[in-house]
Amino acid sequence: FKNPNFVHSAKGSGKRGPGHRTWKTLKQIVASERAYPRKADDTSYESLDAPPSFIPAKKYSDLSGLPSNYTDPQTKLRYHNADEFSRIKMLPSDIVSGYLALRKANSAVP
Amino acid sequence: MKGYLCYGIDTHLWIAQSRDDLRSSAVMTDNLTKFIDTPTTPDPIHVYEPSLALNKTPIVIDNGCYKCRAGWASESEPKLVFKNVVARLRSKKEKDIELLVGSDITNIEVVRAQLRSPFERNVLVHLESQEQLLDYTFSHLGIDSSGSVAHPIVMTEALANPNFSRNLMSELLFECYGVPEVTFGVDSLFSLHHSYPSESQMNALIVACGYNTTHIIPVLEGQPQCSHSRRINLGGLHSDLFMQRLLQLKHSAHFAAITLSRAEELVRRFCRLTTDFQSTLKLWSTDEYYNEHARKIQLPFTQLAEDQEKLRLLIELQQLQEDDDNEELFYRSMKQMDIDSVEELQATINQLNNSIHHIAQRILEDRQRREGVAEDVKDTQKRKPKVKEAQPKKPKIDRTGELSRSMPMDTSDVAAMATWLENLRQQRQKLLNKRAERRQRRTDMTKRRTVASHQRMKILTALAQGTKKNKVDTFGKNDDDWDVYKEINKDAGDSDSEAEQDKLDELETMLKEYDDEFKHPNDQGDGFDVAEYYRVHVGTEQIRVPEVLFQPSMIGMDQAGIAETISFVLKKFTAEEQTAMTQRVFLTGSCSSFPSFEERLSKELQEMLPFQSKFSVHKAQDPVLGPWKGACKWTASPLYSKFCISKQDYDEYGGEYIKTCPITNQYVPTPASLKIASQIKKEDTA
C-alpha cells in the first residue's frame with residue numbers, strides 16, 4: 001500500500017556515508033524556526049514555552065520528601081530531621097550524587 | 001494523545017489480586033502488593049472490510065508520544081492502541097536488523113536501549129521510525145490495496161508544531177502512502193470537541209496533561225488563542241522517571257528490579273494529587289500515618305524463599321524419623337521428596353542450610369556496611385583522625401591474661417561485673433568505630449571532590465610551601481609531625497591491623513561468654529526477615545511524584561508549574577474574558593487521571609482568582625481516548641470537508657500548509673524568501 005520508490009526529502013547530509021540518515025533534532029528545528037522574520041503575534045514552538053517560576057522553590061528532604069529546613073554542608077543533601085541526617089551520613093557517594101542529580105543540583109561549580 | 005493504560009481496569013485487577021494474596025497468606029497486610037507486570041499482547045491484524053474501501057472511511061490516528069491510537073472513523077473505539085516505539089534489534093552474526101514495532105515488543109525492558117521513538121519531546125523528528133509505525137498501523141488495519149492507502153487521514157499533531165515537522169509528515173503521507181486527503185488537528189482541541197461537540201462559540205481554558213508536555217490553551221468564542229497558550233515541558237514521563245529514580249536510590253540493592261515500566265505501573269496504581277500538599281506531608285511525617293498508608297511491594301525472591309520452605313519440610317521429616325512410631329509415614333514422605341536414604345536427607349539439609357546462610361550473610365553484610373558507617377557519624381564529621389592510641393605491644397597471650405585478670409574475681413559481685421562488662425563493650429565499640437571511620441576515609445580518598453581528598457591536597461600544598469620558607473627544618477622534632485604522613489596516605493594511615501582484629505575477636509569472645517545481651521553480628525542471620533528485605537516501600541512518593549506537575553522545581557526545572565502558568569495565561573486577558581473562560585476549565589490528557597486532580601485544580605484556581613469569583617473545572621469525558629473520539633466526531637461534522645487538505649492543496653502550497661480552523665494549529669507560513677532558497681537548494685542537490 002505504499003510507494004516503494006519514496007525517499008524522505010529531509011535526509012541530512014550523513015557524515016558517515018550515504019546509508020546513514022541524520023535527522024534534525026528538535027533543537028535544530030527550533031533554531032531554524034527562530035531565524036524566520038515573523039510578526040509579533042505569530043506563534044512558534046519556542047514562544048509557547050511556559051515562563052520560569054517566580055514563586056520561590058519549596059525545599060523538600062531528598063530522602064523522604066518531607067518539608068526540609070536543613071542542608072547537610074558536606075553532601076548538600078536536604079534532610080527533615082536528625083534521624084534522616086544520620087541516614088545521609090551513611091549513604092555511599094553514588095547515591096548522594098544520584099539524589100542531587102534528581103533535582104539537578106549537582107553542577108560542577110560549587 | 002499520550003495515553004496511559006486504562007485506569008479502571010488496572011485498579012480492578014489490582015484489587016482482585018491483593019484479595020487473593022490476603023487469602024493465600026496471613027502475613028500479607030492490606031498495603032502489601034506485588035507488581036502486576038502486565039504483558040503486552042500483540043495486536044491482531046484486522047479484516048479490511050469492503051464497505052470501508054467503498055465509502056473511503058477516514059482513518060483516524062491519534063499519534064501520541066506515548067501511545068498511538070488508530071482506527072476507522074466509523075467506529076466508536078480505536079482498533080489499535082500500541083506504544084509508539086520501534087525497537088531495532090541487531091544480531092551480531094547476521095547483519096540483518098529485526099524490527100519490532102509497538103505491541104510486538106513483549107517485554108519492553110529487554111529492548112529499552114534499542115528503543116526509538118519518532119518524537120523528541122512532542123514534536124515529530126525521526127520520520128524513518130514514523131514510517132515504520134505507519135506501516136504497522138496500516139497493515140494491522142488490514143489495508144491491502146497496492147500502491148496507496150486510499151483513505152482520508154485525520155492525524156493529531158503538537159500545538160504549534162514546527163512547519164518543518166509538519167512538512168515531513170505531509171510528505172510522508174501524500175508521497176509515500178498516496179493518501180487523498182489529510183487533516184492535522186491538535187489533540188486537546190479534538191478532546192474538547194469530543195466533550196462539547198454542539199457548542200461552536202464556547203469559551204474554555206484547556207489544561208492538557210500529556211506524556212511529555214502539559215499545555216494551557218485558552219479558547220475564546222470557539223477560537224483557540226494559540227499565541228497566548230503556554231506549554232510546560234513536563235508530563236507523565238517525568239513523573240514516571242522521578243518515581244523510578246526515587247525508588248532506585250531508596251532501595252539501591254534492587255536497582256535493576258525497579259524498571260521504568262514498573263515505575264509507570266506504580267504511578268498509575270498508587271499516585272494521587274492532594275489538595276493541600278504541605279499539610280498532607282506533615283501527616284506523613286508521623287510513623288502511624290506512614291505505617292497505615294505506605295504501600296509495600298513485594299519483589300520476587302524465589303531462591304531464598306523456596307530454599308527456606310524446603311528446609312522446613314526436610315526438618316519436619318527428620319523429626320518424623322526420630323519418632324519411631326511413624327516409620328511407615330517417614331519412608332512414604334521420603335519417597336515423595338525424592339530422597340533415597342537418611343544420609344542424603346542430612347546432606348540436603350546441610351546444603352540448604354549453607355546456601356540460606358550464605359544469602360542471608362550477603363544481605364546482612366550489605367546492611368552492616370551502612371550501619372557501621374552510621375555509628376560513626378560524629379567522628380567522620382570531624383574528619384581529622386584521632387591521634388592513635390598507643391597499641392598494647394604485648395604479645396597476644398599476655399593481653400588475654402591482662403583482660404581476664406581485670407575481670408572481677410568474684411563473679412557474684414554484680415556491680416563490679418556490670419562495670420567490667422560495660423568497659424569491654426566500650427572498648428569493642430571504640431575499635432569498631434575506628435575501623436568504620438578508616439574505611440570511610442579510604443573510600444572517600446579514592447574519589448575526587450570529597451572533603452577528605454580536598455583536605456589531603458591542602459596538606460600536601462602546605463607541606464610543599466612550608467619547606468621552602470623555613471630555613472631551619474624542624475620537622476620530626478615533635479613525634480606528632482609524623483602523623484602528617486598518616487593523613488596524606490591514600491590508604492588512610494593504617495589498614496586494619498592484625499593486632500586490632502585479634503583484640504576485637506578476643507573482646508567478642510569474652511563478651512559472648514559473660515554478657516547475656518551480647519549477640520555477635522554474624523549470629524543475627526536466623527531472625528532475619530528476607531521477605532522484608534525484598535520489599536519496596538512507596539511512602540510519600542505517592543503524593544510527591546504527581547506533585548511535580550505543580551512544582552517543577554522538585555526535579556530541578558525552572559519552568560512554572562500548572563497553577564502558576566494558568567495565572568500567567570489568564571493575566572493576558574481582560575477580566576470579562578477571564579471569567580468567561582474559567583467557567584469551563586477543561587481537563588484532558590492521560591495525566592489528568594490522577595485521583596483528585598480536579599479538586600487540586602479548583603483549589604489552585606480559587607487561590608489565584610479574585611475573591612468570590614465563580615469557576616468550574618470539568619474533566620474530559622474520556623481523558624485518554626478523547627482526542628481520538630473527538631477526531632472521529634470531527635469527520636462527521638459539516639466543517640470537516642471544508643478544512644481538510646487535498647493532494648492538490650499539498651502540491652500547490654507545500655507540506656506545511658493547513659487551513660486554520662477551531663481544531664487546528666494556527667497556520668504561520670514560512671516566509672516566501674526562505675522557501676525559495678530551500679527549493680533552490682533542493683534542486684541543486686537533485
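Below, chain A is the first sequence line, B the second, and so on; all start at residue 1. In this text the structure is predicted, and so the values were computed from the model without any measurement.
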| said: Just so I understand: if I count every heavy-atom pair under 4.5 Å between each of B:L159, B:T565, B:N163 and chain A, which residue has the most? | reply: B:L159
| said: So which residue, B:A560, B:S146, B:C176, ends up with the most heavy-atom pairs under 4.5 Å with chain A? | reply: B:C176
| request: Scan side-chain atoms only and decide if B:Y177 and B:D135 contain a donor-acceptor pair under the 3.5 Å cut-off. | output: yes
| task | For atom NZ of B:K572, decide whether the heavy atoms of other residues, nucleotides or ligands shown that lie under 6.0 angstrom number more than 12. | result | yes
| message | Looking at chain A, which one of B:I232, B:L281, B:V123 has the largest number of heavy-atom pairs inside 4.5 Å, strictly under? | response | B:L281
| query | Do any N or O atoms from the side chain of B:T660 and from the backbone of B:Y667 form a donor-acceptor pair under 3.5 angstrom? | reply | yes
| query | For A:G98 and B:L249, which heavy atoms make the closest approach, and how far apart are they? | reply | C-CD1, 3.6 Å
| Where does the angle between the aromatic ring planes of B:Y290 and B:W284 fall among parallel (under 30°), tilted (30 to 60°) and perpendicular (over 60°)? | perpendicular
| query | For B:E564, is it the side chain, the backbone, both, or neither that has a heavy atom closer than 4.5 Å to a heavy atom of chain A? | reply | side chain
| Among B:K282, B:E175, B:M557, residue most engaged with chain A (heavy-atom pairs, under 4.5 Å) | B:E175
| query | B:S139 versus chain A, heavy atoms under 4.5 Å apart: side chain, backbone, both or neither? | reply | both
| query | Of all of B:V569, B:L127, B:D558, which one pairs up most often with chain A through heavy atoms under 4.5 Å apart? | reply | B:L127
| Taking the six-membered ring of A:Y45, is the NZ or CZ of B:R231 close enough (under 6.0 Å from the centre) and on axis enough (within 45°)? | yes
| Is there a donor-acceptor contact under 3.5 Å from the side chain of B:Q248 to the main chain of B:F255? | yes
| task | State which residues pass salt bridge (Lys or Arg N to Asp or Glu O under 4.0 Å) with A:R103; sequence neighbours excluded, sorted by chain then number. | result | A:D62
| Heavy-atom distance under 4.5 Å to chain A: side chain of B:I216, backbone, both or neither? | neither
| said: Using heavy-atom distances under 4.5 Å, tell me whether A:L26 contacts chain B through its side chain, its backbone, both, or neither. | reply: both
| task | Heavy-atom distances under 4.5 Å only: say whether A:S97 touches chain B with side chain, backbone, both or neither. | result | neither
| query | Based on non-hydrogen pairs under 4.5 Å, which of B:S165, B:P162, B:G539, B:C226 is most in contact with chain A? | reply | B:P162
| field | chain B contact via A:T25 - which portion, at a heavy-atom distance below 4.5 Å | value | both
| said: Which atoms of A:I88 are under 4.5 Å from chain B, going by heavy atoms: the side chain, the backbone, both sets, or neither? | reply: neither
| Would you say the side-chain atoms of B:N665 pair up with the backbone N or O of B:A158, donor to acceptor, closer than 3.5 Å? | yes
| said: With a 4.5 angstrom heavy-atom cut-off, is it the side chain or the backbone of B:Q559 that approaches chain A, or both, or neither? | reply: both
| field | Region of B:Q278 that comes under 4.5 Å of a non-hydrogen atom in chain A | value | side chain
| task | Side chain from CB out, backbone as N, CA, C, O: work out which of these in B:S285 comes under 4.5 Å of a heavy atom of chain A, or both, or neither. | result | both
| query | Any ion pair linking B:R116 and B:E128 (charged N to carboxylate O, less than 4.0 Å)? | reply | no
